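To start, the structure under review is shown below, and the notes come after it.
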Amino acid sequence: MARRAGRQVAAEQYYDAAMSILAREGAAGLKIGPLCRSLGVTSGSFYHHFGGWAGFVRGLLRYWEAEQTDRIVELARATVDPVERIDVVKQLTVALRHDAEAAIRAWAQIDPEVGRAQARVDVQRRIALEQVVADVVPDPDDARRLAVFGISLMAGYQQTCDPRDRDLLRALFDDYQRLILSHAP
């Protein structure tokens with residue numbers, strides 16, 4: 001941990017600050033100097049903590065995957081009722097940091113490591129969503145297509161809309177939820 005005004009700065013604080021910078025400025029704005037200034041630590045503490053930029057990026061991508069994918073899957077699976085589980089996934093998806101995710105998607109186009117992480121996250125999300133949908137929609141082909149549709153809806157929203165417009169995203173996912181339920185017996 002790095003010191004900040006007499007307290008410890010954990011890796012998660014670096015990652016949260018990085019997500020905020022990504023949301024505001026995109027990947028081009030994510031640099032060691034601004035990141036350290038936002039936390040009130042020195043670049044020396046950054047290097048001590050992560051070893052270098054590559055170590056930081058690997059950690060940030062693992063953190064993003066855990067917080068924005070694994071945690072959501074875990075929370076959704078904790079809901080017993082399959083229809084209610086769809087609503088939980090919808091609410092958690094709307095609450096994601098879509099502005100930072102849009103920046104990660106753009107970054108993935110120019111950085112192979114970020115691209116691999118993005119692809120892995122999309123696959124994990126699709127599989128998890130397919131499992132949630134399959135608990136309501138009995139036809140496996142329909143469940144698979146609906147899961148692909150949901151992931152495509154989210155990624156498309158991140159790339160073509162203002163990712164801070166949660167009202168629009170909520171309305172889109174309300175429509176998506178109705179579509180899923182229309183396939184239920």
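Since the structure is predicted, the reported quantities are computational estimates derived from the model, not experimental observations.
Under a 3.5 Å cut-off, the side chain of Ser38 and the backbone N or O of Leu35 do form a donor-acceptor pair. Tyr157 contributes a side-chain N or O that, together with a main-chain N or O of Pro163, makes up a donor-acceptor pair within less than 3.5 Å. Counting only distance, with no hydrogens or angles, the side chain of Arg126 and the backbone of Val148 share no donor-acceptor pair below 3.5 Å. Between the side chain of Glu67 and the backbone N or O of Trp64, no donor-acceptor pair lies under 3.5 Å. When atom types are taken as modelled, the side chain of His98 and the backbone of Asp162 share no donor-acceptor pair closer than 3.5 angstrom.
Between the side chains of Gln158 and Arg105, a donor-acceptor pair is found at a separation under 3.5 Å. Checking Gln118 against Gln109 by side-chain atom types alone, no donor-acceptor pair falls below 3.5 Å. Side chains of Thr69 and Arg120: no donor on one and acceptor on the other come within 3.5 Å.
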Where do Arg58 and Phe50 land on the side-chain contact (heavy atoms from CB on, under 4.5 Å) test, with the steps shown first?
CA-CA 9 Å; Arg58 277 190 302 278; Phe50 300 105; over 6 Å; no

Would Leu61 and Glu65 count as a side-chain contact (heavy atoms from CB on, under 4.5 Å) if you check the C-alpha gap in whole Å, the side-chain angles of each, and the deciding distance to 0.1 Å?
CA-CA 6 Å; Leu61 294 171; Glu65 188 171 344; over 6 Å; no

May I have the step-by-step check of side-chain contact (heavy atoms from CB on, under 4.5 Å) for Phe46 and Val41, ending in yes or no?
CA-CA 8 Å; Phe46 172 91; Val41 297; 5.8 Å; no

Would you please test Gln177 and Asp87 for side-chain contact (heavy atoms from CB on, under 4.5 Å) and show each step?
CA-CA 8 Å; Gln177 182 176 16; Asp87 193 58; 3.6 Å; yes

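At least one side-chain heavy atom of Leu60 sits less than 4.5 Å from a side-chain heavy atom of Met19. Residues Ile72 and Val88 are not in side-chain contact: their nearest non-hydrogen atoms beyond the backbone lie 4.5 Å or more apart.
Of all heavy-atom pairs spanning Arg97 and Ser20, the tightest one is NH2-OG, 2.9 Å.
Heavy-atom neighbours of Arg71 CZ from other residues, nucleotides or ligands within 6.0 Å: above the threshold of 12. Heavy atoms of other residues, nucleotides or ligands lying less than 6.0 angstrom from CD of Glu74 number 12 at most.
The existence of a salt bridge linking Asp70 and Arg62 is excluded, since no basic side-chain nitrogen approaches an acidic carboxylate oxygen closer than 4.0 Å. Residues Glu101 and Arg125 are paired through a salt bridge, judged by an N-O separation under 4.0 Å between the basic side chain and the carboxylate. Between Arg24 and Asp99 no salt bridge is recorded (no basic side-chain N to carboxylate O distance below 4.0 Å).
Between the CE atom of Met154 and the CZ atom of Phe173 there is a distance of 6.5 Å, given to the nearest 0.5 Å. How far CG of Asp175 is from CZ of Arg170: 13.0 Å, rounded to the nearest 0.5 Å. Annotation: the span from Leu39 atom CG to His49 atom NE2 amounts to 10.0 Å, rounded to 0.5 Å.
Under the 30°/60° scheme for interplanar angles, the aromatic rings of Tyr63 and Tyr15 are found to be tilted.
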